[in-house]
Amino acid sequence: MQSKILAVFMLLLVPGLPVLAQTPNGETVFQTHCATCHLAPTSPEIPNLDALSIYEPNAILMALTDGVMRLQAQPLTEADRVAVTEFLTNRKVVAQTTEFKTGMCKTPAPMTTLEAGPLWNGWGTDTGNRRFQTAVDLRAEDLPRLKLKWAFGIPDVSQSRSQPAVAGGRLFMGSQSGAVYALDAASGCTLWIFKAGAGVRTAISAGPITTANKSGYEVYFADARATAYAVAANSGRLI
Ligand code: HEC
């Protein structure tokens, strides 16, 4: 491997080599920009080649564009990023997220109050950011008896960081892809999806609209490109 890396550097250093407008070679991009850390990782949080091969292609692209690898990927062109992603996953990068049609709520009821059931609005259960749910009588001995009610797979991402918020009988959740989901907390069906410009890691806060002559609820969050959003809680429309 060492000699391969050396060969790549030598090639780059040879002056006067004709510059070919070719599709970049993903393996070369990897050797030049990623191998030092990812070939023989020195810490368990760094994915090795095997681990990278099972990532969704779009999850790698996002890590390079807006995610934890954006600094390492700064010298790369868009074509380099696609090439290294396709080399790592052995799969083609296709346009992101096929249209989301399954699991949508059939007859969504408008949100009329924040307190429809237990509240976990924003980062904690109250403005003191407490981390314990007091609205339901849940004891340690109850935990082994909890049953899975529904599960939701977030498309196109490799990890989940945004803490879900529960308000008005809904669950609001951001994602690494920038998609923000509003789910019905009871059934797990999807009420709406909003696309932010970059990954959303923040918890989501819901609150009443306080503008004169207006009513209803909004949700607030920010993305990894430093844009803050207010979105209508009922429809996901950008405010
Ligand atoms: C200087 C060392 C270094 C270099 C160079 C580097 N990485 Fe990483 N990479 C890391 C570390 C450390 C992590 C774990 C970061 C974390 O979890 O916060 C990581 C994580 C990742 C992840 C997982 C991201 C996620 O969101 O789960 C991917 C994908 C990745 N790197 C791809 C690449 C690619 C492709 C390149 C080359 C273009 C590259 N890295 C270059 C150190 C590096």
Side-chain angles (χ1 to χ4, degrees), residues 1-13 19-98 100 123 151-165 172-181 193-204 221-227 229:
M1 217 33 101
Q2 206 84 85
S3 64
K4 256 193 188 167
I5 294 171
L6 210 67
V8 172
F9 279 127
M10 303 251 296
L11 217 72
L12 292 175
L13 291 175
V19 179
L20 302 174
Q22 273 183 346
T23 317
N25 180 299
E27 186 170 3
T28 311
V29 176
F30 178 80
Q31 294 298 352
T32 316
H33 296 278
C34 324
T36 41
C37 301
H38 286 280
L39 204 53
T42 50
S43 114
E45 87 227 21
I46 307 179
N48 64 12
L49 275 175
D50 278 346
L52 287 168
S53 72
I54 56 173
Y55 269 69
E56 277 302 313
N58 281 322
I60 296 189
L61 263 192
M62 268 182 265
L64 299 177
T65 313
D66 294 311
V68 287
M69 290 293 100
R70 63 187 183 281
L71 286 182
Q72 285 79 0
Q74 235 166 28
L76 306 188
T77 62
E78 180 63 28
D80 289 339
R81 291 172 197 194
V82 170
V84 75
T85 299
E86 293 185 344
F87 162 70
L88 289 170
T89 58
N90 203 18
R91 276 168 287 163
K92 281 268 165 227
V93 169
V94 288
Q96 210 185 325
T97 317
T98 42
F100 197 94
W123 296 96
F152 178 82
I154 309 171
D156 281 329
V157 301
S158 61
Q159 52 178 276
S160 194
R161 289 195 180 179
S162 167
Q163 176 179 282
F172 301 101
M173 178 179 58
S175 77
Q176 201 185 11
S177 73
V180 172
Y181 301 91
I193 302 165
F194 174 84
K195 252 336 247 151
V200 174
R201 283 193 194 176
T202 60
I204 296 179
F221 49 89
D223 72 17
R225 289 212 191 111
T227 305
Y229 299 84

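Remember, it's 1-based here, ligands and their atoms both numbered in the order they're listed. Note that the coordinates shown come from a computational prediction; the quantities given were computed from them, not determined experimentally.
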Are [X] and [Y] packed together at the side-chain level, in the sense that at least one heavy-atom pair is separated by less than 4.5 angstrom?
X	Y	value
E86	P57	no
F194	Y229	yes
L52	T89	no

Going from [atom1] on [X] to [atom2] on [Y], what distance comes out if it is rounded to the nearest 0.5 angstrom?
X	Y	atom1	atom2	answer
T85	M62	OG1	CE	10.5 Å
H33	T28	NE2	OG1	10.0 Å
L76	R70	CG	CZ	14.5 Å
L64	R81	CG	CZ	6.5 Å
S160	I154	OG	CD1	3.5 Å

So is [X] touching ligand 1 or not, going by heavy atoms under 4.0 Å?
X	result
A73	no
Q176	yes
L76	yes

Which residue owns the protein heavy atom closest to [atom], what's the atom, and how far is it?
atom	result
atom 34 (C) of ligand 1	C34 SG, 3.4 Å
atom 5 (C) of ligand 1	H33 O, 3.2 Å
atom 22 (C) of ligand 1	P47 CG, 3.8 Å
atom 25 (C) of ligand 1	Q159 NE2, 3.3 Å

Less than 3.5 Å between some nitrogen or oxygen of Y55 and one of ligand 1, yes or no?
-> yes
Any atoms of ligand 1 less than 4.0 Å from a non-hydrogen atom of [X]? List them with their elements.
X	answer
V68	18 (O), 24 (C), 26 (O)
I46	11 (C), 12 (C)
E45	14 (C)
C37	1 (C), 2 (C), 3 (C), 4 (C), 5 (C), 42 (C), 43 (C)

Going by distance alone, is a donor N or O of one side chain under 3.5 Å from an acceptor N or O of the other, for D80 and T77?
-> yes
Using a heavy-atom cut-off of under 4.0 Å, does the side chain or the backbone of [X] touch ligand 1, or both, or neither?
X	value
L52	side chain
V29	neither
A59	neither
F30	neither

Which residue, I204, I193, D223, forms the side chain to side chain contact (heavy atoms under 4.5 Å, CB included) with V180?
-> I204
Centroid-centroid under 6.0 Å between F172 and Y181 rings = no
Is it true that some N/O/S atom of H38, main chain or side chain, lies under 2.8 Å from atom 8 (Fe) of ligand 1?
-> yes
Is the distance from atom 8 (Fe) of ligand 1 to the nearest N/O/S atom of M69 under 2.8 Å?
-> yes
